[in-house]
Amino acid sequence: MTKPSLIALALFAAAGLARAESATYSVDPSHTFVTFEALHFGTSTIRGRFDRKEGSVTFDRAAKNGKAEITIDIGSISTGVAPLDTHLKSKDFFNAAEHGSAKFVADKFAFNGDKVSEIGGTLTMLGKSAPVTLKANNFNCYNNPMFKREVCGGDFETTIARSQWGMTYGLPGIPDNIRLLIQIEAIKQ
């Protein structure tokens with residue numbers, strides 16, 4: 001083999017190894033929770049979660065990039081108080097009848113070493129899209145003994161202004177700023 005052919009072969013092999021570092025993970029709904037917190041008229045904190053969600057995450061630790069798509073079923077909202085859940089599904093808040101899901105699509109991954117430290121993307125809700133950045137409070141990957149596959153996940157959080165999506169009911173008594181907490185685990189495919 002000529003020297004240029006060896007170099008081309010080495011570059012091709014290196015490119016193949018780089019692609020091999022990229023992996024796709026399917027969100028495990030039994031270990032993934034999307035929760036929110038809102039101050040209630042300056043007194044207590046209302047907490048709730050969305051029980052149905054799905055999605056996938058692809059990331060490459062070597063190239064320090066990735067993509068995530070998470071879809072949340074708005075109708076699965078649960079605060080533990082049925083009348084409040086009904087009100088949150090109404091046109092005053094999430095308008096679940098017309099906008100049955102919210103979707104977060106991320107394409108900006110930041111890393112600290114080989115661990116994801118931040119994910120930036122777009123949250124689409126109530127027919128409107130706005131940028132959102134989730135900061136990782138924790139991130140890790142491990143070999144799951146039950147699945148016999150790698151599982152990666154962590155705890156992510158951000159604060160959003162609900163008015164960005166046109167959700168203005170109750171302002172200012174019910175604050176604009178809502179804290180989102182996302183606990184996620186995803187299984188390597």
Is any side-chain heavy atom of Glu118 less than 4.5 Å from a side-chain heavy atom of Thr133?
yes

Would you say Phe147 and Ile184 are hydrophobically clustered, going by side-chain heavy atoms of ILVMFWY under 4.5 Å?
no

Will you find, in the side chains of Tyr25 and Glu185, an N or O donor that is under 3.5 Å from an N or O acceptor?
no

Strictly by modelled atom types, are Thr79 and Asp85 linked by a side-chain donor-acceptor pair under 3.5 Å?
yes

Any chance CD of Gln189 has more than 12 other-residue heavy atoms, nucleotides or ligands included, within less than 6.0 Å?
yes

Closest non-hydrogen atom pair between Thr43 and Leu39, with its separation
O-CD1, 3.9 Å

Given side chains that start at C-beta, do those of Val132 and Ile160 come closer than 4.5 Å, heavy atoms only?
yes

Taking the six-membered ring for Trp, are the ring centroids of Phe94 and His87 within less than 6.0 Å of each other?
no

Heavy atoms, side chains only, cut-off 4.5 Å: are Phe93 and Ile77 in contact?
no

Full working for side-chain contact (heavy atoms from CB on, under 4.5 Å) between Phe111 and Arg61
CA-CA 8 Å; Phe111 286 76; Arg61 287 174 255 210; 4.2 Å; yes

Do the non-hydrogen side-chain atoms of Cys152 and Phe139 ever get within less than 4.5 Å of each other?
yes

Nearest heavy-atom contact between Leu171 and Ile174 is CD2-O, 3.1 Å

What pairs with Arg179 under side chain to side chain donor-acceptor pair (under 3.5 Å), at least two apart in sequence or on another chain?
Glu37, Glu157

When every non-hydrogen atom of Ser76 is compared with those of Asp73, the smallest separation belongs to OG-O, 2.7 Å

Qualifying residue, where the test is side-chain contact (heavy atoms from CB on, under 4.5 Å) with Asp176 and the options are Gln164, Arg162, Met167:
Arg162

Donor-acceptor contacts, no H, no angles, side chain residues 120-129, under 3.5 Å, sequence neighbours left out:
| from | atom 1 | to | atom 2 | distance (Å) |
| --- | --- | --- | --- | --- |
| Thr124 | OG1 | Ser129 | OG | 2.6 |

Would you check, one step at a time, whether the test side-chain contact (heavy atoms from CB on, under 4.5 Å) holds for Ile74 with Leu88?
CA-CA 9 Å; Ile74 297 299; Leu88 290 171; over 6 Å; no

State whether a side-chain donor-acceptor pair under 3.5 Å links Tyr142 with Asn144.
yes

Starting from Ile187, can I reach Val34 by hopping between I/L/V/M/F/W/Y residues whose side chains sit under 4.5 Å apart?
no

Specify the closest pair of heavy atoms between Ile119 and Phe109, including all atoms of both residues, with the distance to one decimal.
CG2-CE1, 3.9 Å

Judged by modelled atom types alone, do Thr24 and Ser56 share a side-chain donor-acceptor pair under 3.5 Å?
no

Are Ile70 and Val151 connected in a single hydrophobic cluster, I mean Ile/Leu/Val/Met/Phe/Trp/Tyr linked by side-chain heavy atoms less than 4.5 Å apart?
no

How long is the gap from CG on Asn112 to NZ on Lys64, to the nearest 0.5 Å?
9.0 Å

Can you check whether Phe33 and Phe50 have ring centres sitting under 6.0 Å from each other?
no

Would a 4.5 Å heavy-atom cut-off, applied to side chains only, mark Lys67 and Val105 as touching?
yes

Do we see a donor-acceptor contact under 3.5 Å between the side chains of Thr159 and Asn177?
no

Just verifying a value: how many Å separate Ser117 OG and Leu134 CG, rounded to the nearest 0.5 Å?
11.5 Å

Taking every heavy atom of Pro29 against every heavy atom of Val27, the minimum-distance pair comes out as CD-O, 3.1 Å

pair Leu181-Phe36: side-chain heavy atoms closer than 4.5 Å:
no

NZ/NE/NH1/NH2 to OD/OE distance under 4.0 Å, Lys89 and Glu98
no

